[in-house]
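First the structure, in the form of structure tokens, and then the observations on it.
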Amino acid sequence: MKISTKGRYGLTIMIALAKCKDQKPLSLKSIAQNHDLSEHYLEQLVPALRNAGLVKSVRGAYGGYKLARSASQITAADIIRTLEGPITPVEGIEDEEPAQQSLWIRIRDAVKDVLDTTTLADLSKYEEVEENEPYMFYI
């Protein structure tokens with residue numbers, strides 16, 4: 001399973017909104033500038049997040065976007081499924097051997113469990129710990 005830039009940038013938007021303590025609207029321009037991302041690309045992602053009920057827009061001179069629910073009620077899975085679709089490590093496992101099917105299902109369930117149990121509040125409070133080498137995960 002590979003998370004595309006849609007999922008990664010979507011998480012970036014949502015974490016930025018969750019970190020906005022006073023819940024005032026945050027513009028996509030400021031998110032794009034703070035994270036060195038394309039504002040135009042972020043504009044393409046927000047409608048899906050809005051339609052899924054994850055963000056709401058505020059019009060006006062000081063408008064922008066804010067979370068539609070509290071950060072503790074939104075999971076990483078909500079965001080990834082909205083932008084990426086279903087979570088599946090392999091397509092068409094029906095034709096695989098039973099042992100392989102079991103492996104793919106266990107991998108899918110493990111990834112789903114992590115995404116389902118990680119809230120936006122968890123991600124927004126994460127403090128980067130300095131280490132000699134960053135973790136590298138291969139799936």
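Since this is a predicted model, take the numbers as computed values, not measurements.
Atom CD of Glu39 is separated from atom CD of Gln33 by 7.5 Å, given to the nearest 0.5 angstrom. If you take CG on Leu83 and CZ on Arg8, they are separated by 12.5 Å, rounding to the nearest 0.5 Å. Taken to the nearest 0.5 Å, the CD1 atom of Ile74 stands 4.5 Å off from the CG atom of Leu67. A distance of 11.5 Å separates CD of Glu84 from CD1 of Ile79, quoted to the nearest 0.5 Å. Separating the CG atom in Leu45 from the CG atom in Leu37 is a distance of 9.5 Å, to the nearest 0.5 Å. Atom NZ of Lys29 sits about 10.5 Å away from atom CD of Glu43, to the nearest 0.5 Å.
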Self-check item: side-chain contact (heavy atoms from CB on, under 4.5 Å) assessment of Leu11 paired with Ile80
Solution: CA-CA 8 Å; Leu11 275 172; Ile80 298 299; 3.9 Å; yes
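Ile31 places a side-chain heavy atom less than 4.5 Å from the side chain of Leu17. Counting heavy atoms from C-beta on, the side chains of His35 and Tyr9 never come closer than 4.5 Å. At a threshold of 4.5 Å between non-hydrogen side-chain atoms, the residues Lys66 and Cys20 do not count as touching.
Contact record, Ala48 with Thr82: O-CG2, 3.4 Å, taken as the closest heavy-atom pair. Considering all non-hydrogen atoms of both residues, Gly53 and Ala68 come closest at O-CB, 3.3 Å. What you find for Ser57 and Tyr65 is that their closest heavy atoms are CB-CE2, 3.5 Å. Between Ala16 and Leu26, the shortest heavy-atom contact is O-CD2, 3.7 Å. A pairwise comparison of heavy atoms in Leu120 and Ala18 identifies CG-CB, 3.8 Å as the closest pair. Here the shortest heavy-atom pairing between Pro25 and Gly64 reads CB-N, 3.6 Å.
Linking ILVMFWY residues whenever their side-chain heavy atoms come closer than 4.5 Å, directly or via other members, places Leu54 and Tyr41 in the same cluster.
For Thr12, there are no side chain to side chain donor-acceptor pair (under 3.5 Å) partners two or more places apart in sequence or in a different chain.
Each side-chain hydrogen bond (donor to acceptor under 3.5 Å, both in side chains) pair with one or both residues in residues 102-118, not counting sequence neighbours, appears once here: Arg81-Asp116.
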